[in-house]
There are 2 protein chains.
Amino acid sequence: MAETDRATRSRLTRGGILRAAIALADERGLDGLTMRALADGLGVEAMSIYHHLPNKDAILDGAIEEVFAEIAAETLASAPAVPNGAAVTPAPAWDAAVGARILAARRVLLRHPWVPWVLNARGAPGPNAARHVDGIVAAMHDGGLAYDLIHHALHALGSRVYGYVQELSDDGGELPAGALEQLAMVAPNLAAMLAEVVHDDPDSTLGWCDDQTEFEFGLDLLLDGLVRRAADPSLPPVE
Amino acid sequence: MAETDRATRSRLTRGGILRAAIALADERGLDGLTMRALADGLGVEAMSIYHHLPNKDAILDGAIEEVFAEIAAETLASAPAVPNGAAVTPAPAWDAAVGARILAARRVLLRHPWVPWVLNARGAPGPNAARHVDGIVAAMHDGGLAYDLIHHALHALGSRVYGYVQELSDDGGELPAGALEQLAMVAPNLAAMLAEVVHDDPDSTLGWCDDQTEFEFGLDLLLDGLVRRAADPSLPPVE
DNA sequence: CGTGCTTGCCTTACGGCGTAAGTCTTACGT
DNA sequence: ACGTAAGACTTACGCCGTAAGGCAAGCACG
C-alpha cells in the first residue's frame, strides 16, 4: 500500500534503481554504469538517486544481492523438484548436487559478466550471497564431508566460479564480534562451518584462513586430477 | 652509451617509468596509480610521461611485462639448477615441475597484488607472459600430455593462478592472421599447442575455445579431487 | 482552511581522473 | 654561433563520484 501511495509522486524506487543498474551494466559494461547514465535511463537527474541509496558502492552491493536472488531462482528451477515434503529422497551424490548449484550460478553470471569484478572488488557478501554459499555447504555436509574439507573446497571453487581473483590479500578476515550469530540466522550451515574452522585454529581469532595453504590445496586438486586424466584418457570429462 | 648520454638531459626513461609505476601500484594499489601521482614520484609533470609511453594502458601493459620478467627470474632461481648442459637429467614429474613454476609465479604476484586485475581487464599478453605460459606447456608436453589436455589444463590453472575472472566472455578469440607465426618465435610450445588445438576443431578458426566445456572440465577436476579426498582423508594435501 | 514540515527531485559546484593541444627550454649537430 | 628538434611544461576539456543547498508537492495538524 505504501508502495502504491509513493508511486504517485515518486517514480524512483530502490528496487527500480537496482534493476536499472543491472540492466545498464549488462548492456554497457561496468564502465558504462555511471551515476549520470543510470539517472538518465531512469529519466531523472544523477543526484536524485542519492535519496534512495547512499552512494555508488551501495548500488553495486544491492545489484549483487539482486543477482544472487536470480541465482537462487535458477538453482531452484534446475533442482530435481521434490514436490511433497518427503523425508528420505533418493539423495543424489553430493558432488552432483554441488555441481548443479555451481552451474546454475554460472548460467546467471553469464548474463551479468560484470558481477565477478564487483565481487572481487568489494568485501562482505550480503544475505542472498550467504544463502547461496550456505546451500553449497549444506549439500557437502549432507554428503558427509567434514567442515574442514568443505572450507578448503569453498576456497578452491570460489576462485573458479565467482572469479575470486585469488586470496592475494594476506588479511585473513577476523570476522567482527556479533557477525557469526547474525550469519547463523540466514546461513546456518555456513556459520557452523566457520565456527568449527575458526575454533580448530590454534591461533584462533586472527588469520584463520591461510591463503598459501588454500592456494596449494586447490593447485594440488587440479594437478592431481590432470595426472589421473593423463594416465587414463578414458576418464569422464576430457570430451 | 645512448642510455648515459640521454640521462644527462632526460631523467625520464620508459623503463624508469614502468618501474616507478610498479612501485606505486604496489604501495598504493591500482587506484593510487594515476598519471599525476606517477609523474609526481618521478619529479615531473603528468603530461611528460606521454613522450615515452602513448597512454596509461601502455603503462599497465609494460608493467605487466616487467612483472613477468620478475616471474621468469623467480622461476629460474627456484629451479633445481642444471649446471652443465646435460642430456638426460633425472626428469622430475611434470606435475611437480608445473607446480613449481606456478608457485614461483604466485610468490611474485604476492608482491604485486594488482597484477591479476590488470591481467583480467586487458587482452593480449606480451612476450614475457607468453614465455611463462610456454614454459608450463613445455613441462606438460615433456611429461607426455597431449596438447588437447594441456589446453584444458591451462584454462583450469589460469583462473586459479592469475585470477582469470573466468572465461565469461563467449568471444573465443579468433587469433589474427600472422599471430601464430610471431608467437612461435617466442613461445614455440604454446604456438604448437594452439596450432593443433585450433586445427582439431571442426569449426576451425572461430570459437576454438568452448568456455562452457572449459568451465565444466575445471569444475569436474575440482569435484573429483574433493570426492577422492573425502573418501580417503589420508590423501596428501588436506594438511 | 491555512500553515508548516517532510519528502523527493533538481541545480550548482568541487576536486580528481585521462589526455588533446600548444608552448617554452635546452642541448646537440653543423 | 645558431637552427632545430626532443623533452618537459601549461592549459584546458569532458568525464567521474558526490557535497551542499534550493524548491515544489503532499501530508499532519491547528
Side-chain angles (χ1 to χ4, degrees), chain A residues 1-25 27-64 114 117-118 120-123, chain B residues 1-25 27-64 114 117-118 120-123:
Chain A
M1 52 178 82
E3 180 71 15
T4 336
D5 264 336
R6 301 291 159 136
T8 62
R9 41 176 310 215
S10 75
R11 309 164 52 229
L12 234 41
T13 343
R14 202 191 107 102
I17 294 172
L18 295 183
R19 258 171 286 126
I22 291 173
L24 187 58
E27 197 174 324
R28 294 199 239 166
L30 208 48
D31 288 350
L33 173 54
T34 75
M35 297 303 283
R36 286 167 172 84
L38 177 57
D40 230 56
L42 290 162
V44 126
E45 294 302 312
M47 290 307 293
S48 304
I49 296 174
Y50 286 84
H51 280 264
H52 302 267
L53 289 150
N55 51 46
K56 190 173 181 180
D57 281 350
I59 295 181
L60 293 177
D61 288 346
I64 291 293
W114 46 274
W117 256 272
V118 179
N120 277 328
R122 302 197 45 67
Chain B
M1 55 178 82
E3 180 71 15
T4 336
D5 263 336
R6 300 292 158 138
T8 61
R9 43 178 305 219
S10 74
R11 311 164 51 231
L12 236 39
T13 343
R14 203 191 107 102
I17 294 172
L18 294 183
R19 259 172 284 126
I22 291 174
L24 187 58
E27 196 175 324
R28 294 198 237 167
L30 207 49
D31 288 350
L33 173 55
T34 74
M35 298 301 284
R36 287 167 172 85
L38 178 57
D40 229 58
L42 291 162
V44 124
E45 294 302 313
M47 291 307 294
S48 304
I49 296 174
Y50 286 85
H51 279 265
H52 301 267
L53 289 151
N55 52 44
K56 190 174 182 181
D57 281 350
I59 295 181
L60 292 177
D61 288 345
I64 290 294
W114 48 273
W117 256 273
V118 179
N120 276 327
R122 301 197 46 69

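Order of the sequence lines fixes the chain letters, A, B, ..., with proteins taken first and strands second; residue numbering starts at 1 for each chain.
- OP1 and OP2 of D:dG7 both lie 4.0 Å or more from every side-chain N or O belonging to B:Ser48.
- Put simply, OH on A:Tyr50 is 17 Å from P on D:dG21, counting in whole angstrom units.
- Identified under the salt bridge (Lys or Arg N to Asp or Glu O under 4.0 Å) test for residues 30-41 of chain A, with sequence neighbours left out: none.
- We find that CD of B:Glu45 is positioned 12 Å from C1' of D:dT11, with the value rounded to whole Å.
- Side-chain contact between A:Arg19 and A:Thr13 is absent, with no heavy-atom pair separated by less than 4.5 Å.
- A pairwise comparison of heavy atoms in B:Ala37 and B:Gly32 identifies CB-O, 3.8 Å as the closest pair.
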Could you list all N or O pairs between the protein and nucleotides 12-14 of chain D that sit under 3.5 Å apart?
none

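- Atom C1' of nucleotide C:dC17 and atom CE of B:Met35 are separated by 11 Å, given to the nearest angstrom.
- When rounded to the nearest whole Å, the span between CG of A:Leu38 and C1' of D:dC16 equals 14 Å.
- Summarising the geometry, the separation between NE2 on B:His51 and P on C:dT25 is reported as 15 Å, rounded to the nearest angstrom.
- Legend: residues meeting side-chain contact (heavy atoms from CB on, under 4.5 Å) with A:Arg122, ordered by chain and number and at least two apart, are A:Asp57, A:Leu60, A:Asp61, A:Val118.
- Under the side-chain contact (heavy atoms from CB on, under 4.5 Å) criterion, B:Ala58 pairs with B:Leu53, B:Pro54, B:Asn55, sequence neighbours left out.
- If you find the closest nucleotide of DNA chain D to B:Ala46 and to A:Leu33, the one lying nearer the 5' end belongs to B:Ala46.
- Considering only side-chain atoms of A:Lys56, the nucleotide from D:dT18, C:dC9, D:dA8 that sits closest is D:dT18.
- Spacing between atom CG of B:Asp31 and atom P of D:dG17 amounts to 13 Å, rounded to whole angstrom units.
- Distance B:Asp40 CG to C:dC17 P: 10 Å, rounded to the nearest Å.
- Rounding to whole angstrom units, CD1 of residue A:Ile49 and C1' of D:dA19 are separated by 16 Å.
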